[in-house]
Protein chains: 2
Amino acid sequence: MNIGDVARQSGLPAKTIRYYEDIDLIKPLRDSNGYRAFRESDLHKLTFLGRARSLGFSIAECRALMALYEDQERASADVKKIARQHLNRIDEKLAELKAMRATLSDLIEACAGDHRPDCPILKGLAGGKIQAK
Amino acid sequence: MNIGDVARQSGLPAKTIRYYEDIDLIKPLRDSNGYRAFRESDLHKLTFLGRARSLGFSIAECRALMALYEDQERASADVKKIARQHLNRIDEKLAELKAMRATLSDLIEACAGDHRPDCPILKGLAGGKIQAK
DNA sequence: TCTTGACCTTCCAGTAACCGGAACGCCCAT
DNA sequence: ATGGGCGTTCCGGTTACTGGAAGGTCAAGA
């Protein structure tokens with residue numbers, strides 16, 4: 001398989017696949033013409049990587065997950081630990097975004113949004129308190 | 001005021017303040033010794049920037065907000081528009097994170113997390129379905 | 001056979017928003 | 001004068017790619 005084939009099948013851009021080779025996440029063979037020659041196992045790994053990335057795992061975590069994926073002797077506890085840590089970070093990020101959202105939507109609420117220059121959003125950002133409408 | 005003073009008062013790292021000058025968000029004066037000389041207005045702008053950034057506005061948006069902040073003739077509608085766009089992006093990000101969280105927590109649920117190699121998390125990432133416990 | 005177009009290759013640069021550190025200058029107090 | 005705590009610039013690194021240039025390869029059609 002050439003890179004275009006695995007790109008289509010894995011859903012990853014060719015650029016990304018080359019990058020993953022660059023950072024040693026995959027090690028495809030090479031044809032005599034210099035083209036990358038992907039095995040089924042490479043495609044499986046790329047699919048795995050794509051899914052892990054889409055769940056927000058970092059490249060470093062993907063590397064660790066891949067190692068466990070390849071290790072038939074792994075303990076599922078090790079995988080679960082990584083996943084739990086990631087879940088915690090997702091929860092933190094969610095809390096942060098919710099707080100942002102709340103503040104921002106209060107500011108927006110309070111702003112008339114018309115031709116006049118008076119603007120509670122700018123006041124809020126400048127340090128003032130949010131005024132009730 | 002020197003950079004340390006405004007850093008303390010604005011809550012921004014000195015590095016960040018230098019960076020903001022670099023990208024022309026602020027234009028502090030200079031003392032004869034080469035030190036940056038910050039006016040009150042610079043401090044206000046930095047505070048404004050710090051708050052806007054903490055609400056997740058991008059630098060580009062901050063630049064636009066700053067321009068409106070400085071423009072006494074602005075229409076609050078222009079500010080509100082930027083804020084609403086940002087709110088939409090926050091909502092999209094929230095939806096995405098919630099979806100990630102749901103999938104990931106299902107996988108974690110299904111995983112025994114013990115010494116055995118069998119792992120629904122790895123299976124899920126490899127493309128398999130998530131098994132019920 | 002030549003050419004066209006779709007592939008593929010490498011390498012370089014840029015993205016966002018900074019952070020860390022080196023190497024150096026300035027200022028004030030002891 | 002010397003030490004510590006400021007300040008300065010500049011360079012490189014971070015994350016995970018993406019875009020583009022310049023060029024090689026391959027198969028099909030005229």
Side-chain angles (χ1 to χ4, degrees), chain A residues 1-39 42-43 45-46 48-66 85-86 89-90 93 96-97 100, chain B residues 1-39 42-43 45-46 48-66 85-86 89-90 93 96-97 100:
Chain A
M1 281 181 290
N2 280 348
I3 201 168
D5 304 320
V6 283
R8 268 180 296 276
Q9 292 183 60
S10 68
L12 294 171
K15 277 276 188 188
T16 299
I17 296 172
R18 290 194 193 99
Y19 173 68
Y20 286 171
E21 183 190 14
D22 230 53
I23 61 173
D24 292 315
L25 278 177
I26 51 166
K27 302 190 200 305
L29 304 175
R30 292 289 178 145
D31 280 344
S32 52
N33 57 11
Y35 286 19
R36 287 168 184 82
F38 295 86
R39 291 152 291 188
D42 294 318
L43 178 54
K45 288 185 197 173
L46 287 170
F48 182 95
L49 287 169
R51 286 175 192 249
R53 292 287 301 125
S54 82
L55 283 180
F57 286 101
S58 71
I59 291 289
E61 286 165 331
C62 287
R63 207 183 289 280
L65 289 172
M66 279 282 290
Q85 286 170 356
H86 181 44
R89 276 205 317 287
I90 288 179
K93 192 73 194 165
E96 196 183 330
L97 274 178
M100 277 185 193
Chain B
M1 282 182 289
N2 281 347
I3 201 166
D5 304 320
V6 283
R8 269 180 295 278
Q9 293 184 58
S10 67
L12 294 171
K15 277 275 188 189
T16 298
I17 296 173
R18 291 196 191 97
Y19 172 68
Y20 286 172
E21 183 191 13
D22 230 53
I23 60 172
D24 292 314
L25 278 176
I26 51 165
K27 303 188 200 305
L29 304 174
R30 292 289 178 146
D31 280 344
S32 51
N33 57 10
Y35 286 20
R36 288 168 184 81
F38 295 86
R39 291 151 291 188
D42 294 317
L43 178 53
K45 288 183 197 175
L46 287 170
F48 182 94
L49 287 169
R51 287 176 189 249
R53 291 287 301 127
S54 81
L55 283 180
F57 285 101
S58 71
I59 292 288
E61 286 166 331
C62 287
R63 207 182 289 279
L65 289 172
M66 280 283 290
Q85 285 170 356
H86 182 44
R89 274 204 317 287
I90 288 178
K93 192 75 193 162
E96 196 184 331
L97 275 177
M100 278 184 192

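It should be emphasised that the depicted structure is a prediction, and the values quoted were computed from it without experimental measurement. Protein chains get the first letters and strands the later ones, always in sequence-line order, with residue 1 at the start of each.
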* Asked: What heavy-atom pair brings A:His86 and A:Leu55 nearest, and what distance separates the two atoms?
  -> NE2-O, 2.7 Å
* Structure fact -> Note, DNA chain C 5' to 3' with Watson-Crick or G-U pairs under 3.5 Å encoded as ( ), [ ], | and . gives ||||||||||||||||||||||||||||||
* Apply the test side-chain contact (heavy atoms from CB on, under 4.5 Å) to residues A:Phe38 and A:Ile3: give CA-CA distance (whole Å), side-chain angles for both, the deciding distance (0.1 Å), then the verdict. => CA-CA 7 Å; A:Phe38 295 86; A:Ile3 201 168; 3.8 Å; yes
* Asked: Contact class for A:Tyr20 vs. all strands (heavy atom < 4.0 Å): base, sugar-phosphate, or nothing?
  -> sugar-phosphate
* Structure fact -> Contact string for nucleotides 18-26 of chain D, one letter per nucleotide 5' to 3', B = base within protein heavy-atom range under 4.0 Å, S = sugar-phosphate only, - = neither, reads SBB---BBS
* side chain to side chain donor-acceptor pair (under 3.5 Å) against A:Ser58, all qualifying residues, sequence neighbours excluded -> A:Glu61
* To do: Respond yes when some side-chain nitrogen or oxygen of B:Arg36 is under 4.0 Å from OP1 or OP2 of D:dT9, and no when none is.
  => yes
* **Close side-chain approach of B:Tyr20 to B:Arg53, heavy-atom, < 4.5 Å** => yes
* **Contact residues, residues 21-30 of chain A to DNA chain D [heavy atom, < 4.0 Å]** => none
* Take atom CZ of A:Arg63 and atom P of D:dC17, then tell me their distance rounded to the nearest Å. => 12 Å
* Would you grab the first and last nucleotide of DNA chain C (5' to 3') that comes under 4.0 Å of any non-hydrogen atom in chain B? => C:dA17 to C:dC27
* Structure fact -> Note: B:Asp42 and B:Ala37 closest approach over all heavy atoms is OD2-O, 4.2 Å
* salt bridge (Lys or Arg N to Asp or Glu O under 4.0 Å) with A:Asp31: which residues, sequence neighbours excluded? -> none
* To do: Apply the salt bridge (charged side-chain N to carboxylate O under 4.0 Å, His left out) test between A:Glu21 and each candidate in A:Lys15, A:Lys45, A:Arg36; give the one that qualifies.
  => A:Arg36
* To do: Starting at CG of B:Leu97, measure out to CZ of A:Arg89 and round the result to the nearest 0.5 Å.
  => 11.5 Å
* Asked: How far does CG of A:Leu49 sit from CD1 of A:Ile26, to the nearest 0.5 angstrom?
  -> 7.5 Å
* Can you tell me how far the OG1 atom of A:Thr16 sits from the CG atom of A:Leu25, to the nearest 0.5 Å? -> 11.5 Å
* **Residue pair A:Leu65, A:Phe57: steps toward the side-chain contact (heavy atoms from CB on, under 4.5 Å) verdict** => CA-CA 9 Å; A:Leu65 289 172; A:Phe57 286 101; 3.8 Å; yes
* Report yes if a side-chain nitrogen or oxygen of B:Arg18 is closer than 4.0 Å to either non-bridging phosphate oxygen (OP1 or OP2) of D:dT8; otherwise report no. => yes
* Asked: Taking for each residue the nucleotide of DNA chain D with the nearest heavy atom, is it A:Ala60 or B:Asn2 whose nucleotide lies nearer the 5' end?
  -> B:Asn2
* Asked: With distance as the sole test, does A:Ser10 use its side chain to make a donor-acceptor pair with the main-chain N or O of A:Val6 at under 3.5 Å?
  -> yes
* List the steps and the verdict of side-chain contact (heavy atoms from CB on, under 4.5 Å) for B:Met66 and B:Phe48. => CA-CA 8 Å; B:Met66 280 283 290; B:Phe48 182 94; 3.6 Å; yes
